[in-house]
Amino acid sequence: MSSRRSRSRQSSGSRITDDQIIDLVSKLQQLIPELRGRRSDKVSASKVLQETCNYIRNLHREVDGLSDWLSRLLASADTDSDQAAIIRNLLME
């Protein structure tokens with residue numbers, strides 16, 4: 001049985017319509033900087049999903065890098081210094 005047929009047998013309350021998928025892909029496209037300015041009819045859903053995955057991976061790498069940098073900064077800072085106090089205040093917000 002094809003996945004399309006099996007999806008059509010699901011309850012209509014949990015079924016996502018094609019229009020909803022198009023709307024969600026369009027919203028994703030607006031969140032991704034590389035795709036933001038393009039016309040939605042010129043970008044395939046597959047491309048939007050690929051770029052979304054790439055963007056999330058890049059964000060993870062950026063967060064990891066910033067976390068490493070912050071750890072090194074905290075390890076090298078005098079815990080009683082003004083710099084350490086500023087970092088602690090930023091982390092608490």
Sequence neighbours excluded, which residues qualify as side-chain contact (heavy atoms from CB on, under 4.5 Å) partners of L24? none
Within the distance-only criterion (no hydrogens, no angle test), does the side chain of S71 pair as donor or acceptor with the backbone N or O of S67 below 3.5 angstrom? yes
Check side-chain contact (heavy atoms from CB on, under 4.5 Å) between I86 and all other residues, then give those that pass, not counting sequence neighbours. L90
Nearest-0.5 Å distance that lies between atom CD in E51 and atom OG in S44: 10.0 Å
State, to 0.1 Å, how close Y55 and I32 come at their nearest heavy-atom pair, and which atoms those are. CD2-CD1, 3.6 Å
Pair listing, side-chain hydrogen bond (donor to acceptor under 3.5 Å, both in side chains) test, anchored in residues 25-37, at least two apart: D23-K27
Under a 4.5 Å side-chain heavy-atom rule over Ile, Leu, Val, Met, Phe, Trp and Tyr, are I21 and V48 clustered together? yes
Give a yes or no on whether L49 and V43 share a hydrophobic cluster (residues Ile, Leu, Val, Met, Phe, Trp, Tyr; joining criterion: side-chain heavy atoms under 4.5 Å apart). yes
Could you note down all residue pairs passing salt bridge (charged side-chain N to carboxylate O under 4.0 Å, His left out) where residues 55-71 supplies at least one of them, sequence neighbours left out? none
Which atom names give the shortest non-hydrogen contact between L35 and K47, and what distance separates them? CD1-O, 4.4 Å
I'd like to check the side chain to side chain donor-acceptor pair (under 3.5 Å) partners of T17; sequence neighbours left out, ordered by chain and number. Q20
